[in-house]
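This structure is a prediction, so every number in the text was calculated from the model and none was measured.
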Amino acid sequence: MKTSIAALAGAACLLCSAAHATVYKLDFTASGYGPGIFGGATAPQNAVTGSIQFTAATLGAAVTSIDAVNLSIGGHAYTPAELGTSFYSDGYTFGALVNGVGVTRTNSDDFYLILSSNFNVFAYAVSGIADTWTTRNITASYTEVLPPAAAVPEPASLALLGLGLAGLGLARRRQMRRA
């Protein structure tokens, strides 16, 4: 009995001390593209607006997962599985994995976004056009996504918990009498 109580207490301590991860949402708009870098083509989209929701221990720490994406460029809607991230100076680079994060190639649905305290850039390419476009005209903000409120236990659940605790108390008392 002592071993099982100690094991339960140890498990509870581990659960309580688990690393805290926070979900963040990055909202951004990139606009003001000039002619394409390679062919001088006009940008198919003069403003790209989107959001990326990701998990990290703190803002600025390594991203552990990209949870949601709301971004469409040139008719291609990106999914979390298509995106990756890396560090850039004191910020992040988010981008499509098709050619590697931080790289865009012509004739592919591709993009990257670099946000740091000293350098911001957004670049993109679209499938079927032999050009890429970049801008440093970016507005961006990070917000912490709060978890949903914890559910309030129903009275029946609380009663069942109370009965279980009472049963443990009685078992302990009976064990003490035998000793």
Side-chain angles (χ1 to χ4, degrees), residues 13-152:
C13 288
L14 284 175
L15 287 173
C16 291
S17 66
H20 175 71
T22 304
V23 178
Y24 297 96
K25 183 178 179 190
L26 164 63
D27 292 300
F28 68 91
T29 298
S31 61
Y33 301 93
I37 294 172
F38 299 106
T42 302
Q45 247 176 272
N46 196 38
V48 175
T49 299
S51 65
I52 300 171
Q53 188 170 306
F54 62 95
T55 302
T58 60
L59 194 57
V63 172
T64 56
S65 67
I66 295 178
D67 308 315
V69 177
N70 182 7
L71 177 62
S72 184
I73 303 172
H76 180 81
Y78 288 91
T79 66
E82 293 177 284
L83 270 59
T85 185
S86 64
F87 287 112
Y88 182 89
S89 183
D90 62 349
Y92 292 111
T93 300
F94 291 96
L97 295 172
V98 65
N99 293 305
V101 175
V103 176
T104 56
R105 293 213 170 105
T106 64
N107 288 309
S108 64
D109 291 317
D110 201 0
F111 82 95
Y112 67 83
L113 170 64
I114 298 173
L115 294 172
S116 73
S117 64
N118 59 1
F119 185 72
N120 297 328
V121 66
F122 186 88
Y124 78 93
V126 294
S127 184
I129 302 178
D131 225 333
T132 62
W133 299 269
T134 62
T135 186
R136 294 194 63 192
N137 185 19
I138 301 163
T139 57
S141 64
Y142 292 98
T143 54
E144 188 174 327
V145 177
L146 299 176
V152 176

Show me the donor-acceptor pairs, under 3.5 Å and distance only, between side chains in residues 46-54 and residues at least two apart or in other chains.
unit_1 : atom_1 : unit_2 : atom_2 : d
N46    : OD1    : Y33    : N      : 3.3
T49    : OG1    : T29    : OG1    : 3.2

Next item on the list: Carefully, step by step, assess S108 and N99 under the rule side-chain hydrogen bond (donor to acceptor under 3.5 Å, both in side chains).
Entry: CA-CA 9 Å; S108 64; N99 293 305; 3.1 Å; yes
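- In this structure the side chain of F111 reaches within 4.5 angstrom of the side chain of L71, judged on heavy atoms.
- Annotation: side chain of R136 is not in contact with side chain of I138 (no heavy-atom distance under 4.5 Å).
- With hydrogens and angles left out, the side-chain atoms of D67 and T55 include a donor and acceptor closer than 3.5 Å.
- Here the closest heavy-atom approach between residue P80 and residue A68 is recorded as CG-CA, 3.8 Å.
- Looking only at side-chain heavy atoms (C-beta outward), T143 and K25 come within less than 4.5 Å of each other.
- N137 and T135 share no side-chain donor-acceptor pair at under 3.5 Å.
- A heavy-atom distance below 4.5 Å is not found between the side chains of D27 and N70.
- Close placement of the Y88 and F119 rings is indicated, their centers lying within 6.0 Å of each other.
- Using a 4.5 Å cut-off on side-chain heavy atoms (C-beta onward), F28 and S141 make no contact.
- Nearest heavy-atom pair, V101 versus F94, reported as atom, atom and distance to 0.1 Å: CG1-C, 4.3 Å.
- One distance of note links CG of L26 with OH of Y142; it measures 5.0 Å at 0.5 Å rounding.
- Side-chain contact check for D90 and S117: at least one donor-acceptor pair (N or O, by modelled atom type) lies under 3.5 Å.
- Distance CG/D109 to CD1/I129: 10.0 Å, rounded to 0.5 Å.
- Residues L83 and V69 meet the side-chain proximity criterion, which asks for heavy atoms closer than 4.5 Å.
- A 4.5 Å side-chain heavy-atom check between L115 and Y92 finds every atom pair outside the cut-off.
- Using a 4.5 Å cut-off on side-chain heavy atoms (C-beta onward), I73 and V126 make contact.
- Separating the CG atom in D131 from the OG1 atom in T106 is a distance of 7.5 Å, to the nearest 0.5 Å.
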Note to self: Evaluate T104 against Y124 for side chain to side chain contact (heavy atoms under 4.5 Å, CB included), listing each step before the verdict.
What the structure shows: CA-CA 6 Å; T104 56; Y124 78 93; 5.6 Å; no
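- When every heavy atom of G60 is checked against every heavy atom of F87, the shortest pair comes out as O-CE2, 3.1 Å.
- For the residue pair A56 and A61, the shortest heavy atom distance occurs at CB-O, 3.9 Å.
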